[in-house]
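Keep in mind that the numbers below use all heavy atoms, side chains included, and drop hydrogens, waters and symmetry copies.
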Protein chains: 2
Amino acid sequence: MSGKTGKPTQKEIARIAGVSQTTVSLVLNDRDGTNVRIPEATRERVRRAIEQTTYVADPAARRLAGLDNKILGVFTYESALTAESMDFYGPLLNGIERAAEQYDCDLLFFTSSPVENGSRRLFHRNTRLRLADGCILLGQHMDGEELARLVSEGFPFVAVGRRDEAEGVPYVGIDYRALTRDLIARAVELGHTSAVYVHGDRDTPSSRDRLAEIEAAGARGPLSFRSLPDVGGDPAATARTIVESGATLVVAEDAFAAEDLALALDRQGVALPIEVSIAALGEVQSHTVKGLRLSGFHTPRQRIAFEALGLLRELIAADPERADTIDRQRLLQGSLEPGETLVARRADA
Amino acid sequence: MSGKTGKPTQKEIARIAGVSQTTVSLVLNDRDGTNVRIPEATRERVRRAIEQTTYVADPAARRLAGLDNKILGVFTYESALTAESMDFYGPLLNGIERAAEQYDCDLLFFTSSPVENGSRRLFHRNTRLRLADGCILLGQHMDGEELARLVSEGFPFVAVGRRDEAEGVPYVGIDYRALTRDLIARAVELGHTSAVYVHGDRDTPSSRDRLAEIEAAGARGPLSFRSLPDVGGDPAATARTIVESGATLVVAEDAFAAEDLALALDRQGVALPIEVSIAALGEVQSHTVKGLRLSGFHTPRQRIAFEALGLLRELIAADPERADTIDRQRLLQGSLEPGETLVARRADA
DNA sequence: CTGAAAGCGCTTACAG
DNA sequence: CTGAAAGCGCTTACAG
């Protein structure tokens, strides 16, 4: 490969410029320390030689020789660029691309990782993980063992979203607990006393966070919560249960579930949102229910991306000695979207 | 970097397994030719040693030693992952990711390339281009010099979209000329005799292709075309000119322009599409005019992606001897979307 | 101020 | 069947 395509090397540049290959390297990297001092004349000759050719340093060689490559890995446990997943990953990827640009880094997407029962594996025979200086991890479900291995090997990485599948995993996520508390407080203000929480069976940290806050609020009062796993994804059945429960507020785990539920409730003749309010514990951007803006959260995903890349760079650059001083688990504050589907409880309800 | 993180090497594996480093490499790469024949017992010992550690081959070293890396570069002359550009790049990137998965390749996005007056530069001081086995090029405007340089250096690459900025550029694109002819034929069938072609001042091959077909059709008759550069992007002014021209058909270069024009024509009291038909010479997926499906093209962008990666892999694998036999300039056929905005010319018009 | 030399981790002829 | 050695293109002490 390398030989076939006659691409120029430092050796040739050196020959043309009449200097040693070392000097070419020195000029190229602007080395100018105590021991090296190359006169402008020499530098200039080297530069001219480079311009004559099409020389660019071979990144593989640079990497092998111990330099950072300014390549950040992006690993997604699920396919990142499909039409469906773009809704979720899109703003994140956008932010990552922007941040990478700003940090002058390239992005290596590990699309080759073999998929095993629905999720990619990070470690495999030919993983190119190590070609990157560090790696961003995206996905709902992450493999605890892989996370632990990354941590123990000291490979710089940052997960997007709070993680507790393994000890000491660096992450940047959204503070869903705080957001959930805020939403509940608002529901209480609006007079609700009986609610249903409809959630999937996702066993992710942020999923558990939301559930924990819901349960804490239910125990604390005055808003009682009935927790309803949306088994089998049958919104109609779930809607019936909700109606029977007499709740005046439905909280869904995410905006898509909220929309599905709203549709099902509507079909059962429930007047939304006057009779029953509905809200989602997730990003509600551009989600609506009967033309009304869905109540829920705004999650600053672009900011997450920047923060994650920032943290990753800190970890990469970190002097092992004081790497411990870095705050490697960060939760960003989202904001409540009041929306139009969480309204005051009717006096007669 | 490499030394700090104590990641295992073949040397250590060799020590553990009690063999030479060469043997480890041989086992790892399943070499089993005429000169090498490693008994299963030895192989097994090596494999066990590998499993004890967290060894993975260093891709930089492999690359330097002359192997393919299974890394394909993706270079976009404009930002690829922004919300706006996703409309255009989304299906393309989706296809590229899928194809890369299938081909067992990773994707390196050159996000670090410096932006000079609105467009990225492929060649620069620290370009990591060469880390990839080859590269996919995306974007409206490509730099002719860069293309020429890629060609002359023999670096494997494939542009998305027809290119003629430089000689011998491999590409996979859409046959816009054929599509444009089809659309014109349909307009003729529908009785139109006077049309206006509104186009930007983009100087890209596919832009010129469309214009060329329009002009040829105009010269040929029976549909006469007035070509109208949408200077300054003032749809209202353009709409006035169209009305004055008495044309019964407006053809816009792309769907967005068509939508803008339709709006402007509507404001001037033109009844679309009865009085004036409108169509776009581009992908019209999910574009509408007054609730009507816009007439235009469907461009198989996911197929383009697959085709482009396929061609790229051919070029990478190509034996230099018979590389010439590869068809490196491919146009895919799109399909006409009849839509609802290109209708029969009114009898009294 | 500049060059010869070692080394990064791997692959692949080439000898045994 | 297996190992010692050269080499991929670079960086960086280390000597001059």
| query | OP1, OP2 of dG3(D) versus side-chain N and O of T23(B): anything below 4.0 Å? | reply | yes
| Contacts of E51(A) that satisfy side-chain contact (heavy atoms from CB on, under 4.5 Å) - sequence neighbours left out | none
| field | salt bridge (charged side-chain N to carboxylate O under 4.0 Å, His left out) against R15(A), all qualifying residues, sequence neighbours excluded | value | none
| task | Let me know the distance between CG of L64(B) and P of dC8(D), rounded to the nearest Å. | result | 9 Å
| note | Sequence neighbours excluded, the answer for side-chain hydrogen bond (donor to acceptor under 3.5 Å, both in side chains) partners of R163(B) is E165(B)
| request: Could I get the full list of salt bridge (charged side-chain N to carboxylate O under 4.0 Å, His left out) partners for R45(B), not counting sequence neighbours? | output: none
| query | Do R313(A) and Y103(A) meet the cation-pi criteria used here (NZ or CZ under 6.0 Å from the six-membered ring centre, within 45° of the axis)? | reply | yes
| said: Check the phosphate of dC1(C) against T42(A), side-chain N and O only, distance under 4.0 Å to OP1 or OP2. Yes or no? | reply: no
| task | Using atom CZ of R63(A) as one end and atom C1' of dG9(C) as the other, report the distance to the nearest whole Å. | result | 12 Å
Using the 3.5 Å cut-off, write out each protein N or O paired with an N or O of nucleotides 10-13 of chain C and the distance between them.
residue : atom : partner : partner atom : Å
dC10(C) : OP1  : Y55(B)  : OH           : 2.4
dC10(C) : OP1  : D58(B)  : N            : 3.1
dC10(C) : OP2  : Q10(B)  : N            : 2.7
dT11(C) : OP1  : N29(B)  : OD1          : 3.2
dT11(C) : OP1  : N29(B)  : ND2          : 2.7
dT11(C) : OP1  : R62(B)  : NH1          : 3.0
dT11(C) : OP2  : Q10(B)  : NE2          : 2.9
dT11(C) : OP2  : S25(B)  : OG           : 2.4
dT11(C) : OP2  : N29(B)  : ND2          : 3.2
dT12(C) : OP1  : R31(B)  : NH2          : 3.3
dT12(C) : OP2  : R31(B)  : NE           : 3.0
dT12(C) : OP2  : R31(B)  : NH2          : 3.1

| request: Could you tell me the separation between the CD atom of E44(A) and the P atom of dT2(C), rounded to a whole number of Å? | output: 14 Å
| query | Sequence neighbours excluded, which residues qualify as side-chain contact (heavy atoms from CB on, under 4.5 Å) partners of E167(B)? | reply | none
| task | Give the dot-bracket string for DNA chain C, reading 5' to 3', where a pair is Watson-Crick or G-U wobble with both distances under 3.5 Å, ( ) marks pairs inside the strand, [ ] marks pairs crossing earlier ones, | marks a partner on another strand, and . marks unpaired. | result | |||.||||||||.|||
| said: Enumerate the ring pair (Phe, Tyr, Trp, His ring centres under 6.0 Å) contacts for residues 42-74 of chain A, please, sequence neighbours excluded, ordered by first and then second residue. | reply: none
What side-chain donor-acceptor pairs closer than 3.5 Å can you find for residues 134-144 of chain B, not counting sequence neighbours?
residue : atom : partner : partner atom : Å
Q140(B) : OE1  : R202(B) : NH1          : 3.1
D143(B) : OD1  : E145(B) : N            : 2.7
D143(B) : OD1  : E146(B) : N            : 3.1

